[in-house]
2 protein chains.
Amino acid sequence: MAIADNKRPRSTGRSRTTISDLAAHLGMAKGTVSRALNDYPDIAEGTRLRVRRAADALGYRPLAHAQAIRTGRVRSVGLVLQVNEHDGHRPFLADFLAGISEAASTADWTMTLATAASDQDTLRLMSKLADEQKADGFILPRTYLEDTRVSALLAGDVPFVLFGRTGDPRGCAWFDIESEAAMTEAVLRLAKLGHTRIGFVPGGPGYTYATLRRQGYLEGLKQAGLSFHPALISEPALNRVDGELAAQKLLSLDVPPTALVCSVDRAAFGAYDAAAALGLEIGKDLSVISYDGMPEGALLSPPLSTFSVDLRHAGARLTELLIRRIRGEAVEDLRDLAKARFLDRGSHGPPTRTPAELAHHVKHQWFPTGGRTK
Amino acid sequence: MAIADNKRPRSTGRSRTTISDLAAHLGMAKGTVSRALNDYPDIAEGTRLRVRRAADALGYRPLAHAQAIRTGRVRSVGLVLQVNEHDGHRPFLADFLAGISEAASTADWTMTLATAASDQDTLRLMSKLADEQKADGFILPRTYLEDTRVSALLAGDVPFVLFGRTGDPRGCAWFDIESEAAMTEAVLRLAKLGHTRIGFVPGGPGYTYATLRRQGYLEGLKQAGLSFHPALISEPALNRVDGELAAQKLLSLDVPPTALVCSVDRAAFGAYDAAAALGLEIGKDLSVISYDGMPEGALLSPPLSTFSVDLRHAGARLTELLIRRIRGEAVEDLRDLAKARFLDRGSHGPPTRTPAELAHHVKHQWFPTGGRTK
DNA sequence: AGAAGTTCCGAAACCGGTTTCGGCAAGATG
DNA sequence: CATCTTGCCGAAACCGGTTTCGGAACTTCT
């Protein structure tokens with residue numbers, strides 16, 4: 001109560017110092033001040049310093065949108081997240097955003113975020129943000145082999161950078177994790193332990209990474225000198241249930257794999273379920289190596305061996321690339337790859353049974369009455 | 001290759017249609033067009049329609065920052081997330097963001113997001129965003145009883161809305177989940193099942209919710225007609241390890257509780273660990289009810305009974321309130337509470353032992369040699 | 001019919017910056 | 001010493017909107 005009622009003229013605050021105030025205070029033209037602050041070459045060094053000093057003495061902060069009206073840039077990176085879909089990266093969303101925010105902040109930029117419920121919604125939101133110039137460009141997470149966002153942005157001449165590769169890279173800047181190399185490494189590790197039949201659970205079709213990881217698996221077989229059996233590649237699985245089904249099917253083969261390489265952790269979780277149902281011990285009877293590095297994997301027994309991705313770094317790198325893209329650098333110079341880090345935990349080891357023994361065990365467990373119907 | 005080289009004058013695109021273009025096309029003054037589009041009362045209905053039609057015929061989209069220069073509003077809600085700290089809500093971050101984005105989008109606003117590494121960093125980022133007018137106001141997640149952000153924003157006359165309450169609500173708009181009511185309900189449910197000694201694991205001191213939940217616990221005891229024993233309130237626990245220690249200590253009391261109410265799920269996870277170490281079965285020997293609704297809780301055995309929060313709704317509501325705040329509504333009209341939803345799962349049931357029996361069991365298990373030294 | 005209101009729109013100022021242009025003064029050149 | 005540069009800054013236009021102001025045309029009232 002008391003004196004609290006000092007009725008200011010509504011949201012006046014102290015009206016900020018504008019560039020005109022600053023110019024008046026310095027006795028110069030405001031154009032000069034502007035050029036001084038923006039490092040134009042036709043300003044004397046002494047003047048530049050005087051201006052700068054006065055600027056922070058008066059606490060001058062240019063309005064981003066007032067600058068934008070002339071420069072056409074609001075210094076903001078756009079990000080449209082699609083939240084409906086499966087998302088192994090969801091636990092890391094905060095890290096990803098932190099990476100973007102940090103890199104943006106360093107360059108004196110900001111991030112404009114929106115969430116979409118569908119592909120179409122994503123396009124709509126991006127076009128709106130671009131039209132109103134709320135963002136100067138976009139980071140595109142989760143790329144498809146054929147990505148409608150890419151064609152739309154290319155057509156609209158809106159700068160962007162992909163997190164992931166795409167079918168036709170022309171006009172695209174991108175950053176990606178070499179997950180195919182991780183898959184190769186997984187196969188080689190397993191082969192070195194003595195596995196000769198190694199199954200593969202692919203990711204969602206359409207996504208670029210799914211194709212790449214499959215290639216990485218094949219490359220691993222080749223380097224290990226193992227022959228490829230199409231039957232050892234299951235149906236795609238992006239969640240626990242599908243992962244269980246996939247593993248179940250692979251393990252029911254006449255000559256089942258003794259090790260599984262999974263494209264995503266969630267599928268690997270399902271493989272644990274399948275193994276449990278069949279009375280198989282993970283890391284012994286069945287080895288599993290996966291990809292994503294989800295924290296839940298560490299809680300399983302045995303903990304899941306998987307490849308983890310530094311999403312904070314990814315966000316930061318993508319932001320740098322996007323800003324440089326917006327500033328006009330050629331896309332060919334704005335492409336980068338990083339490696340995934342292997343988390344060597346307990347879910348893989350030397351095979352304890354031959355495929356034949358494993359098949360016998362499975363058949364016995366799975367069809368206790370010996371039937372093979374259905 | 002081929003013809004691909006059509007060398008446009010760099011990022012020309014087709015230069016957007018401005019309000020002047022539109023005015024020229026209509027043969028009117030641009031001021032008139034602006035007023036027509038913004039529903040000024042001194043524009044004839046027919047004119048308004050003509051303008052609107054022409055606007056979407058030409059695909060006119062005003063530049064947000066060009067508007068802002070005069071209106072002083074960029075139509076953006078600011079959000080600064082602190083990512084270093086413990087965070088039970090982290091798995092729901094996407095939902096929270098989706099709620100904000102949706103509500104903002106509905107009002108034709110956007111969201112500007114930043115992440116900070118410390119309290120100080122948060123203040124710095126908010127002040128920068130506000131100064132540059134990249135955001136018109138802020139959503140403040142995770143409030144403290146004494147919140148430096150609140151005083152800073154009040155001093156700077158920057159609009160904001162709290163997610164959570166704070167010690168001194170003057171000048172504050174807020175939205176919160178009534179987690180104290182959830183705690184009360186938890187106690188009542190346990191009392192109804194026959195528990196008479198119910199322990200409480202508080203949340204982090206300083207946070208407003210911690211105090212409220214403690215009060216809710218006390219209120220529950222009171223309503224259930226149970227007497228309060230200070231020893232039944234443990235040290236604060238915000239993570240699994242501390243939760244385990246807290247539960248261990250409570251269970252080692254001479255007259256231990258047969259049920260635990262935990263302020264946060266993570267602490268409850270620790271209680272599971274403690275129970276396992278003591279050979280106690282959750283839901284039988286020890287009942288647990290918690291708060292947060294983290295998905296991991298459903299994977300425990302038995303699944304954790306907990307209160308879940310609709311963070312998408314929270315984000316949406318906060319955004320509505322903030323926008324109304326920015327538009328000048330009084331803070332007193334911008335306060336709202338919502339309820340948490342109880343997820344009735346397997347971690348609570350009637351007590352299978354009396355406190356005395358439980359104490360005996362614990363002592364036997366925990367000190368197999370009967371000693372009481374360290 | 002003239003005065004007084006209303007309705008509705010054009011013209012211009014304005015917001016806070018950036019960028020262009022031109023010119024003065026000092027230094028370099030012949 | 002005259003001229004040509006060059007360095008440096010002021011003045012003004014400009015960006016794309018919004019808001020104020022004033023007045024023409026049209027009603028309404030007396």
Side-chain angles (χ1 to χ4, degrees), chain A residues 11-52 54-55 58-75 108 130-134 136 327, chain B residues 11-52 54-55 58-75 108 130-134 136 327:
Chain A
S11 91
T12 297
R14 62 276 172 265
S15 58
R16 42 183 317 115
T17 63
T18 73
I19 198 171
S20 299
D21 299 339
L22 189 52
H25 178 262
L26 282 164
M28 321 201 289
K30 68 174 186 175
T32 307
V33 174
S34 172
R35 274 170 297 155
L37 291 174
N38 290 316
D39 290 322
Y40 272 56
D42 65 342
I43 297 292
E45 192 52 31
T47 311
R48 197 191 316 285
L49 281 176
R50 232 160 48 87
V51 171
R52 251 192 238 299
L58 299 196
Y60 169 66
R61 286 277 188 84
L63 292 176
H65 56 259
Q67 308 187 139
I69 199 183
R70 195 67 221 268
T71 63
R73 302 257 168 80
V74 288
R75 289 183 287 122
D108 211 32
D131 281 346
E132 296 192 345
Q133 271 178 38
K134 288 251 186 168
D136 301 310
R327 290 190 174 142
Chain B
S11 91
T12 298
R14 61 279 171 261
S15 58
R16 39 184 317 113
T17 63
T18 72
I19 198 173
S20 299
D21 299 339
L22 189 52
H25 178 262
L26 283 163
M28 320 202 288
K30 67 176 186 173
T32 307
V33 173
S34 173
R35 275 170 297 154
L37 292 174
N38 291 317
D39 290 320
Y40 273 55
D42 66 341
I43 298 292
E45 192 52 33
T47 311
R48 196 190 318 282
L49 282 177
R50 231 160 48 87
V51 171
R52 253 191 236 299
L58 299 197
Y60 169 67
R61 287 275 189 84
L63 291 177
H65 56 259
Q67 309 188 139
I69 199 181
R70 196 68 220 269
T71 63
R73 303 257 168 79
V74 287
R75 288 182 288 120
D108 210 32
D131 280 346
E132 296 192 346
Q133 271 179 39
K134 288 253 184 165
D136 301 310
R327 290 188 174 143

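Remember, predicted model here, so these are calculated numbers, not experimental data. The analysis underlying the following values was restricted to heavy atoms, covering all of them including side chains, and did not include hydrogens, waters or symmetry mates. Protein chains get the first letters and strands the later ones, always in sequence-line order, with residue 1 at the start of each.
- Here B/S34 lies in heavy-atom contact (under 4.0 Å) with a base.
- Contact check on B/D21 versus B/R16 returns no salt bridge, with no Lys/Arg side-chain nitrogen under 4.0 Å from an Asp/Glu carboxylate oxygen.
- In this structure the side chain of B/L26 reaches within 4.5 angstrom of the side chain of B/V51, judged on heavy atoms.
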Would you sort out whether B/H25 and B/T17 count as a side chain to side chain contact (heavy atoms under 4.5 Å, CB included), showing the intermediate values?
CA-CA 10 Å; B/H25 178 262; B/T17 63; over 6 Å; no
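- In summary, contact between chain A and DNA chain D, defined as any nucleotide atom under 4.0 Å from a heavy atom of the protein, begins and ends at D/dC8 to D/dG16 in the 5' to 3' direction.
- Residues A/M28 and B/A66 both approach DNA chain D. Their nearest nucleotides, taken by heavy-atom distance, put A/M28 toward the 5′ side.
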I would like to know whether A/D136 and A/R327 meet salt bridge (Lys or Arg N to Asp or Glu O under 4.0 Å); could you show each step before the answer?
CA-CA 10 Å; A/D136 301 310; A/R327 290 190 174 142; over 6 Å; no
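- Between the CZ atom of B/R50 and the C1' atom of C/dC8 there is a distance of 13 Å, given to the nearest Å.
- Of the two residues contacting DNA chain C, namely A/K30 and A/D42, the nearest-nucleotide position lying further toward the 5' end is that of A/K30.
- A/T18 comes within 4.0 angstrom of the backbone, heavy atoms only, and of no base.
- Between B/L37 and B/Y60 there is a side-chain heavy-atom pair separated by less than 4.5 Å.
- A donor-acceptor pair is defined here as one N or O able to donate and one able to accept, closer than 3.5 Å; no such pair exists between the side chain of A/K30 and the backbone of A/T18.
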